[in-house]
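As structure tokens, the structure follows; a few thoughts come after it.
We name chains A, B, ... by the order of the sequence lines, and we start the count at 1 in each one.
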Amino acid sequence: MIRKIYLDHSATTPVHPEVFEAMIPFYKERFGNASSIHLFGREAKVALDESREKVAGFLNTDPLEIYFTSGGTESDNLAIKGTAFANRNKGKHIITSSIEHHAILESCKFLQKEGFEVNYLQVDKYGLVNPDELRKQIRKDTILISIMHANNEMGTIEPVEELSRIARETGIYFHTDAVQSIGKIQIDVQKLGVDLLSLSGHKFYGPKGVGVLYIRRGVRLTPLSHGGHHEKARRAGTENIPGIVGLAKAIEIAQRDMEKEESRIRLLSDRFFDKVMQRIPDVFMNGHPERRVPNILNLSFKGVEGESIILNLDLKGIAVASGSACTSGSLEPSHVLSAMGVPPDLAQSSIRFSFGRSNTEEDVDYVAEVLPEIISKLRKMSPIYEQSKS
Amino acid sequence: MPYSTKVMEHFQNPRNVGEIENPDGVGEIGNPVCGDIMKLYIRVKDNRVVDAKFKTFGCGAAIATSSMITELVKNKTLEEALKISRQTVAEALDGLPANKMHCSNLAADALHKAIEDYKNKKKKPESVSKRDE
């Protein structure tokens with residue numbers, strides 16, 4: 001029997017059993033539409049309100065500032081395009097970073113076609129945005145700054161508090177994409193000092209198809225979907241009650257278990273890293289060595305292309321991701337690693353291991369056991385490995 | 001990206017991996033930005049490709065096409081070898097995923113380059129005689 005080891009938790013996670021349990025009634029007997037005034041509707045409304053309170057509690061804010069969406073991508077789109085459109089009379093300039101998720105980057109590119117101007121901040125070799133650089137790029141007509149909390153490819157945590165302070169001093173809205181940090185590190189919107197923040201349910205053992213956008217009171221935002229008065233008329237569409245209940249339950253569990261789980265995952269990741277470094281030469285870590293969410297470990301295996309590693313690991317029942325061109329779906333390797341100055345061949349050689357609840361010490365030991373053989377087999381086949389060795 | 005059984009078979013057990021010492025022709029293609037680098041070595045005797053070996057940095061398709069072409073080309077005359085196209089290689093592997101047809105199907109190009117290299121070397125008698133010594 002083939003072992004199955006899932007090390008791709010940054011792509012998605014399984015729904016936690018408690019989350020699933022919490023959702024079931026809202027597909028069955030409590031299926032009501034939260035806008036209806038009868039009993040069925042009221043039941044749904046109560047669940048919606050309670051979920052909103054849980055999310056607000058976790059983020060340390062008011063339930064009135066929590067908006068449910070269909071996921072991280074919609075939250076990012078609404079944050080970027082919604083504030084841009086609502087504030088175009090104040091200015092047309094937006095600042096973001098070059099390592100954002102495509103939901104941010106593509107929203108910005110769309111806005112550029114609509115006449116907005118966007119600056120993409122460079123990052124250092126660890127993937128960190130420089131606050132001084134942000135300060136320099138701010139213009140009189142800057143209306144929005146969007147910098148992610150933790151990067152999805154290599155886990156580096158951005159100095160959001162420092163960056164948002166700069167935005168606040170200059171009266172510019174600040175958004176952060178916290179899709180990869182939720183459940184891994186604390187997210188307190190007051191401490192972070194952000195005006196908008198995106199979350200997605202399925203990255204922390206909640207269901208797919210549901211997300212959150214936190215919008216601080218007073219932020220002007222144009223809705224992207226029009227219809228009923230759901231979500232205070234900022235996001236029309238019947239609320240996905242089972243999903244919302246699931247997301248809230250996932251948040252509750254994240255809050256309850258975060259400390260314990262965080263240190264467990266950190267130990268697993270460190271254990272794996274140490275073994276790999278001992279057993280395989282020419283391996284480089286991408287991302288910040290400490291300032292990083294503990295569940296993501298991104299390594300480049302010199303001389304070997306990422307997809308060929310993924311396929312070999314897959315044959316052993318191990319699931320990982322890569323920043324290689326083949327797997328990014330474009331003709332170029334990861335825009336994140338490229339922005340960090342990682343040379344193209346090493347970006348092509350990158351593998352993202354993202355650990356999670358299901359992983360044990362035995363799992364990571366097994367991966368560390370099969371990996372050296374795979375890398376050495378592929379290196380023997382590589383026309384660039386020997387060259388780089390000399 | 002579902003690969004055919006044949007692609008996976010060649011990927012897992014690639015044929016003719018390595019280099020040929022003093023090869024009669026070498027074809028190198030690709031660059032690290034696009035993700036695939038392929039180096040194909042050929043030995044030519046009496047106008048026939050008698051041996052071929054490869055080294056490839058690349059994805060599953062890149063490795064499988066490299067392996068396949070070393071099998072396809074063996075004992076072919078140079079004229080026959082030049083007729084091997086990207087399409088020939090893909091078909092011999094029972095097809096490649098659409099997104100791989102363009103970016104990772106470079107083996108035929110590497111082969112054509114290797115043959116070109118052989119022909120160029122032949123034009124310069126000093127390098128040929130050196131090898132023959």
Side-chain angles (χ1 to χ4, degrees), chain A residues 2 282 300-317 319-335 337-339 341-351 370 373-390, chain B residues 1-21 23 26-41 53-68 70 96-107 110 113-114:
Chain A
I2 191 167
D282 298 322
S300 282
F301 297 87
K302 198 177 175 73
V304 184
E305 194 271 345
E307 193 207 87
S308 63
I309 303 175
I310 295 185
L311 288 173
N312 273 296
L313 286 172
D314 187 42
L315 290 165
K316 303 264 182 202
V320 299
S322 169
S324 76
C326 274
T327 52
S328 70
S330 67
L331 289 173
E332 274 165 27
S334 149
H335 69 285
L337 300 183
S338 302
V342 175
D345 66 313
L346 282 180
Q348 297 287 10
S349 304
S350 70
I351 294 288
V370 302
E373 204 181 311
I374 289 170
I375 300 301
S376 122
K377 178 186 162 186
L378 290 169
R379 277 180 176 169
K380 276 186 198 134
M381 222 183 282
S382 170
I384 61 172
Y385 187 60
E386 282 172 353
Q387 278 175 20
S388 59
K389 245 168 118 183
S390 59
Chain B
M1 37 148 218
Y3 282 132
S4 71
T5 316
K6 217 160 188 180
V7 169
M8 284 310 288
E9 204 275 309
H10 272 265
F11 171 70
Q12 287 179 75
N13 308 296
R15 307 353 175 217
N16 307 304
V17 175
E19 295 169 18
I20 293 176
E21 243 179 89
V26 183
E28 189 171 357
I29 200 144
N31 65 69
V33 176
C34 78
D36 294 321
I37 303 172
M38 200 173 282
K39 220 168 170 179
L40 192 76
Y41 304 81
K53 284 196 186 317
F54 80 92
K55 280 205 158 184
T56 292
F57 168 89
C59 65
I63 290 171
T65 52
S66 308
S67 166
M68 180 49 89
T70 58
L96 287 173
N99 61 329
K100 301 284 184 181
M101 281 301 285
H102 172 70
C103 72
S104 300
N105 191 7
L106 301 171
K113 264 195 156 175

Exercise for the section: Using non-hydrogen atoms and a 4.5 Å limit, figure out which bit of A:Lys380 sits close to chain B: side chain, backbone, both or neither. Expected result: backbone

Handout entry: Heavy-atom closest contact (A:Met381 atom, B:Pro14 atom, distance)
Key = CE-CG, 3.4 Å

Handout entry: Per-residue contact mode, B:Ile63 against chain A (heavy atom under 4.5 angstrom)
Key = side chain

Exercise for the section: Would you check if the side chain of B:Lys55 reaches a backbone N or O of A:Arg379 as a donor-acceptor pair within less than 3.5 Å? Expected result: no

Handout entry: Pairwise distance CG(A:Leu311) to SG(B:Cys59) - rounded to 0.5 angstrom
Key = 8.0 Å

Fill in the blank from the handout: With chain B, the option among A:Pro344, A:Ser349, A:Ser338 that has the most non-hydrogen atom pairs under 4.5 Å is A:Pro344

Practice task
Go through A:Asn312, A:Leu346, A:Leu378 and name the one with the most non-hydrogen pairs under 4.5 angstrom from chain B.
Solution key: A:Asn312

Problem - Atom group of A:Ile309 that falls short of 4.5 Å from chain B, counting heavy atoms - result: neither

Exercise for the section: List for me each residue that meets side chain to side chain contact (heavy atoms under 4.5 Å, CB included) alongside A:Ser382, sequence neighbours excluded, and say none if there are none. Expected result: A:Ile384, A:Tyr385, B:Phe57

Problem - Heavy atoms from other residues, nucleotides or ligands near NZ of A:Lys316 exceed 12 (cutoff 6.0 Å) - result: no

Practice task
Flag the one option from B:Ala61, B:Gly18, B:Gly58 with the top tally of heavy-atom pairs under 4.5 Å to chain A.
Solution key: B:Gly58

Exercise for the section: Measure the OG1-CD distance between B:Thr56 and A:Glu305 for me, rounded to the nearest 0.5 Å. Expected result: 11.0 Å

Fill in the blank from the handout: Cut-off 4.5 Å, heavy atoms of chain A, and the answer for B:Glu19 is side chain

